[in-house]
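Source: prediction; values computed, not measured. In what follows, every chain begins at residue 1, and chains take the letters A, B, ... in the order their sequences are listed.
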Number of protein chains: 2
Amino acid sequence: MASPGSPVVELVFGRWTSHVLWTLANHGRMRFGELREHISAVTPKVLTQRLRQLERDGFISRAYHPEMPPRVEYECTPLAISLRPIFTQIVEWSDAHLDDVREARRQFDGGVAADQL
Amino acid sequence: MASPGSPVVELVFGRWTSHVLWTLANHGRMRFGELREHISAVTPKVLTQRLRQLERDGFISRAYHPEMPPRVEYECTPLAISLRPIFTQIVEWSDAHLDDVREARRQFDGGVAADQL
DNA sequence: CCGTATCCCTTAGGATACTG
DNA sequence: CAGTATCCTAAGGGATACGG
């Protein structure tokens with residue numbers, strides 16, 4: 001039986017990765033600038049890195065339109081779409097159990113200090 | 001709707017984390033040394049860090065037996081068990097689509113170079 | 001046996017500025 | 001507009017050795 005320490009975690013749950021995928025999945029085709037706005041606080045360098053990686057791994061497609069000014073659009077491939085059940089389940093788990101984590105921390109920390117998730 | 005850029009990713013899919021959780025879920029109660037063996041290549045320092053974090057977040061419990069030599073046992077809490085559907089789905093996705101990723105890379109890289117996942 | 005204590009070092013990622 | 005090019009830092013790990 002494979003382990004969830006499997007490559008998938010690295011492929012999909014690296015920094016920014018799931019965020020990009022989720023955004024693209026919900027908005028459909030998006031331009032570079034749009035992604036930047038939606039994924040607040042990501043710098044263009046890092047966003048580009050993640051986009052290239054996701055493209056290489058087959059999760060997104062990149063369409064370059066040689067106009068002036070240039071226009072580039074990114075879109076989820078079917079492979080990325082196939083991740084949806086996983087994302088959905090993660091969101092459901094969050095809604096159901098995130099408070100439990102907060103409470104566990106409060107207990108562990110001695111009931112006092114902060115609990116920034 | 002929450003995003004999978006949500007805290008869950010950090011909680012569960014950090015380095016080693018899912019691996020530890022998965023191992024504990026499958027073997028039940030385990031000692032520190034057993035975990036070290038099963039999670040090959042993790043150093044005691046880092047393993048301890050992850051175990052503490054998981055304990056703080058309520059995913060595992062730690063039982064210290066003051067014997068000689070000392071014995072410590074870790075175990076999944078119900079909260080960790082509740083992650084199972086997610087892990088299961090990840091494993092299923094791996095089996096179904098990991099080859100697609102490999103193929104996508106081959107394409108992207110020009111059909112030649114390696115494809116270490 | 002189950003960790004801590006140090007030290008070191010890579011490397012991902014941020015800030016900033018610039019170009020086709 | 002959509003990225004590159006550079007520089008920089010800080011933080012997470014790894015190796016190693018020791019302690020209760």
Side-chain angles (χ1 to χ4, degrees), chain A residues 5 7-21 23-24 27-57 59-76 108 116-117, chain B residues 3 5 7 9-21 23-24 27-57 59-76 108 116-117:
Chain A
V8 187
V9 176
E10 282 180 32
L11 291 172
V12 178
F13 296 109
R15 195 146 164 73
W16 300 118
T17 340
S18 56
H19 205 310
V20 170
L21 248 23
T23 306
L24 274 177
H27 290 76
R29 191 169 310 193
M30 289 179 82
R31 307 181 57 166
F32 187 85
E34 293 181 288
L35 277 168
R36 272 197 77 180
E37 290 166 22
H38 276 266
I39 304 173
S40 176
V42 67
T43 62
K45 188 189 96 177
V46 174
L47 181 56
T48 303
Q49 287 175 343
R50 294 286 78 83
L51 287 171
R52 287 291 174 283
Q53 173 202 320
L54 289 170
E55 188 191 359
R56 180 168 109 101
D57 291 341
F59 291 112
I60 64 175
S61 63
R62 176 179 185 274
Y64 174 71
H65 306 275
E67 312 163 355
M68 193 50 100
R71 183 166 55 95
V72 177
E73 291 181 318
Y74 294 94
E75 192 174 14
C76 281
F108 191 91
Q116 308 303 36
L117 273 187
Chain B
S3 121
V9 175
E10 283 180 32
L11 290 172
V12 177
F13 296 110
R15 195 147 166 70
W16 301 117
T17 342
S18 57
H19 206 310
V20 170
L21 249 22
T23 306
L24 275 177
H27 290 77
R29 191 169 309 191
M30 288 180 83
R31 307 181 55 166
F32 186 85
E34 293 181 286
L35 278 168
R36 273 198 75 179
E37 292 166 21
H38 276 266
I39 303 173
S40 177
V42 68
T43 62
K45 187 188 98 175
V46 175
L47 180 56
T48 303
Q49 287 174 343
R50 295 285 77 84
L51 287 171
R52 288 291 173 286
Q53 173 201 320
L54 288 170
E55 189 192 358
R56 180 168 110 100
D57 291 342
F59 291 114
I60 63 175
S61 63
R62 178 179 183 272
Y64 174 70
H65 305 275
E67 313 162 356
M68 193 51 100
R71 183 164 56 92
V72 176
E73 291 182 319
Y74 294 93
E75 193 174 13
C76 281
F108 191 91
Q116 306 304 33
L117 272 188

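Look at CD on B:Glu55: it is 15 Å from P on C:dC2, rounded to the nearest Å.
Looking only at distances, a side-chain donor or acceptor of B:Thr23 sits under 3.5 Å from a matching main-chain atom of B:His19. Looking at A:Thr48, its side chain does come within 3.5 Å of a backbone N or O of A:Pro44 through a donor-acceptor pair.
For the residue pair B:Arg56/B:Gln53, the side-chain donor-acceptor check at 3.5 Å is not satisfied.
Taking every nucleotide of DNA chain D with any atom under 4.0 Å from a non-hydrogen atom of chain A, the first and last of them, 5' to 3', are D:dC1 to D:dC7.
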I'd like to know whether B:Val12 forms a side-chain contact (heavy atoms from CB on, under 4.5 Å) with B:Phe59, so could you lay out the CA-CA distance, the side-chain angles of the two residues, the decisive distance to 0.1 Å, and finally the verdict. CA-CA 9 Å; B:Val12 177; B:Phe59 291 114; 4.2 Å; yes
If you apply the rule side-chain contact (heavy atoms from CB on, under 4.5 Å), what do you find for A:Leu35 with A:Leu51, and how did you get there? CA-CA 10 Å; A:Leu35 277 168; A:Leu51 287 171; 4.0 Å; yes
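Under the 4.5 Å side-chain criterion, counting only non-hydrogen atoms from C-beta, B:Val20 is in contact with B:Leu47.
Residue A:Lys45 holds its NZ atom at 10.0 Å from CZ of A:Arg50, rounded to the nearest 0.5 Å. Note that the OG1 atom of B:Thr17 and the CD1 atom of B:Ile60 stand 10.5 Å from one another [nearest 0.5 Å].
In this structure, B:Arg71 does not reach the C:dG3 phosphate: none of its side-chain N or O atoms is under 4.0 Å from OP1 or OP2.
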With 3.5 Å as the limit, what N/O pairs link the protein to nucleotides 18-20 of chain C?
none

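The two residues A:Leu24 and A:Cys76 have their closest heavy-atom pair at CB-SG, 3.6 Å. For B:Ser18 against A:Val9, the heavy-atom pair with the smallest separation is OG-CG2, 4.0 Å. For the residue pair B:Val42 and B:Ile39, the shortest heavy atom distance occurs at CG1-O, 3.1 Å.
In this structure, A:Arg52 and A:Pro69 both approach DNA chain D, and ranking their closest nucleotides by distance from the 5' end singles out A:Pro69.
Between its opening and closing five pairs, the helix from C:dC1-D:dG20 to C:dG20-D:dC1 changes axis direction by 50°, a value rounded to 10 degrees.
Across residues 43-51 of chain A, A:Thr43, A:Lys45, A:Val46, A:Arg50 each have a non-hydrogen atom less than 4.0 Å from an atom of DNA chain C (numbered order). Across residues 27-40 of chain B, not one residue has a non-hydrogen atom less than 4.0 Å from an atom of DNA chain D.
Counting only residues at least two apart or on different chains, the side chain to side chain donor-acceptor pair (under 3.5 Å) pairs with a member in residues 27-40 of chain B are B:Arg29-B:Glu75.
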